[in-house]
Amino acid sequence: QPESSAQVPFDDIAGVYKAASNTYKAAAWCFEKGIIKGFSDGTFRPSDTVNRKDAMIMLYRSVGKPAVRDAEITFSDAAYTKEKNPDTYAAILWAEQNNITHGYSDGTFGTFTGCYRKDIVTFLYRTARLFS
């Protein structure tokens, strides 16, 4: 539980959670480290479900956005992100190239599918393998 001196810029956290709460501290640290950026309307939406795309983005940022090999994502539902959102594309490509995710048997990544707890622990476990 690292400390952060950052202020949370998101009204839906700063206005709801006390600065001493774990939610506030975690959001401040993640914001300071560039792991989270929030939404264009200035919110974080702390009660929203995280989708698989967002989980990959946060995980990718948390390990320093390592370089990816120039390649195409093989997931049929994620290729659109290359021009629309290069950071999202890089995060999913990094996860694919490092066997952090294998997607679904139908060839999709499940870009906007809710990220279940089983998925999160698997992604974290596979990422930790890269650094051990």
Side-chain angles (χ1 to χ4, degrees):
Q1 294 180 333
E3 292 295 322
S4 173
S5 59
Q7 299 296 310
V8 174
F10 314 117
D11 290 340
D12 56 347
I13 290 186
V16 177
Y17 297 94
K18 296 181 192 275
S21 74
N22 284 328
T23 298
Y24 187 95
K25 288 178 181 180
W29 181 82
C30 286
F31 177 75
E32 178 182 56
K33 299 299 181 188
I35 297 168
I36 61 171
K37 294 183 179 178
F39 292 90
S40 60
D41 65 358
T43 63
F44 178 68
R45 304 177 192 167
S47 297
D48 281 8
T49 300
V50 172
N51 59 42
R52 290 169 60 91
K53 168 187 70 77
D54 293 335
M56 280 309 118
I57 292 167
M58 288 186 275
L59 187 58
Y60 179 64
R61 289 175 183 161
S62 76
V63 297
K65 295 172 60 172
V68 293
R69 293 184 309 277
D70 187 25
E72 297 294 321
I73 289 177
T74 62
F75 304 124
S76 61
D77 64 333
Y80 79 94
T81 61
K82 188 171 190 176
E83 286 76 34
K84 185 176 179 183
N85 194 328
D87 287 343
T88 300
Y89 189 85
I92 297 170
L93 183 60
W94 167 80
E96 183 179 18
Q97 288 178 350
N98 288 283
N99 294 313
I100 292 164
T101 184
H102 305 293
Y104 293 108
S105 59
D106 66 355
T108 63
F109 172 65
T111 307
F112 295 102
T113 302
C115 197
Y116 299 108
R117 293 168 61 90
K118 65 180 183 159
D119 297 329
I120 292 287
V121 297
T122 301
F123 298 153
L124 289 168
Y125 177 73
R126 290 175 179 162
T127 299
R129 165 182 47 88
L130 298 174
F131 299 95
S132 59

Task: Sub-4.5 Å side-chain heavy-atom contact between Leu124 and Leu59 - done: yes
- [ ] Would you please name every residue forming a ring-ring contact (aromatic ring centres under 6.0 Å, His included) with Phe31, sequence neighbours left out?
- [x] Phe10
TODO: Return the minimal non-hydrogen interatomic distance between Lys118 and Val121, and the atom names on each side.
DONE: O-CG2, 3.3 Å
Task: Residue pair Gly34 / Arg61: nearest heavy atoms and the distance that separates them - done: O-CD, 3.0 Å
Task: ring-ring contact (aromatic ring centres under 6.0 Å, His included) partners for Trp29, two or more places apart - done: none
TODO: Give every residue pair that meets the salt bridge (charged side-chain N to carboxylate O under 4.0 Å, His left out) criterion with at least one member in residues 10-30, sequence neighbours excluded.
DONE: none
Open item on the list: Within the 4.5 Å heavy-atom criterion, are Ile73 and Glu96 side-chain neighbours or not?
Closed with: yes
- [ ] May I ask you to test the Tyr104-Thr113 pair for a side-chain heavy-atom distance under 4.5 Å?
- [x] yes
- [ ] Please list, chain by chain and in numerical order, all residues satisfying salt bridge (charged side-chain N to carboxylate O under 4.0 Å, His left out) with Glu3, sequence neighbours excluded.
- [x] none
Open item on the list: Rounded to the nearest 0.5 Å, what separates atom NZ in Lys84 from atom OH in Tyr89?
Closed with: 15.0 Å
TODO: Determine the sole option in Thr23, Asn22, Val8 for which the side chain to side chain contact (heavy atoms under 4.5 Å, CB included) test with Tyr17 is passed.
DONE: Thr23
Task: Where Thr49 and Gly114 come nearest, the two heavy atoms and their spacing - done: CG2-CA, 4.1 Å
Task: Any residue meeting salt bridge (charged side-chain N to carboxylate O under 4.0 Å, His left out) with Asp119, in chain and number order, not counting sequence neighbours - done: Arg52
Open item on the list: Please report the interatomic distance CG(Asn98) to CG(Leu93), rounded to the nearest 0.5 Å.
Closed with: 9.0 Å
Open item on the list: Please list all pairs meeting ring-ring contact (aromatic ring centres under 6.0 Å, His included) that have one or both residues in residues 45-64, counting only residues at least two apart or in different chains.
Closed with: Tyr60-Trp94
Open item on the list: The criterion is side chain to side chain donor-acceptor pair (under 3.5 Å); which residues satisfy it with Glu32, sequence neighbours excluded?
Closed with: Ser4
Task: OG1 on Thr127 to CE on Met56, rounded to 0.5 Å - done: 7.0 Å
- [ ] Specify the closest pair of heavy atoms between Ala91 and Ile57, including all atoms of both residues, with the distance to one decimal.
- [x] CB-CA, 3.9 Å
TODO: Answer with yes or no whether the hydrophobic clustering places Val63 together with Met58; edges join I, L, V, M, F, W, Y residues whose side-chain heavy atoms lie under 4.5 Å apart.
DONE: no
- [ ] Tell me, please, which residues at least two apart from Asp87 pass side chain to side chain contact (heavy atoms under 4.5 Å, CB included).
- [x] Lys37, Lys65, Asn85
TODO: Mark yes or no for whether Gln97, through its side chain, and Arg69, through its backbone, hold a donor-acceptor pair below 3.5 Å.
DONE: yes
Task: salt bridge (charged side-chain N to carboxylate O under 4.0 Å, His left out) partners for Arg126, two or more places apart - done: none
Task: Minimum-distance pair of heavy atoms, taken over all atoms of Asp77 and Gly110 - done: OD2-N, 2.9 Å
Task: Inter- and intrachain pairs under ring-ring contact (aromatic ring centres under 6.0 Å, His included), touching residues 107-132, at least two apart - done: Phe75-Phe109
Open item on the list: Minimum heavy-atom separation for Ala6 and Ala28, please, with both atom names.
Closed with: O-CB, 3.5 Å
Open item on the list: Is there a path of hydrophobic side-chain contacts, each under 4.5 Å between heavy atoms of I/L/V/M/F/W/Y residues, joining Phe39 to Val16?
Closed with: no
- [ ] Check the hydrophobic clustering (I, L, V, M, F, W, Y; side-chain heavy atoms under 4.5 Å; chains of links allowed) and say if Ile120 and Ile92 are grouped together.
- [x] yes
- [ ] With sequence neighbours excluded, tell me which residues meet side chain to side chain donor-acceptor pair (under 3.5 Å) with Thr108.
- [x] Asp106
Task: Pairs satisfying salt bridge (charged side-chain N to carboxylate O under 4.0 Å, His left out), at least one member in residues 39-48, at least two apart - done: Asp41-Arg45
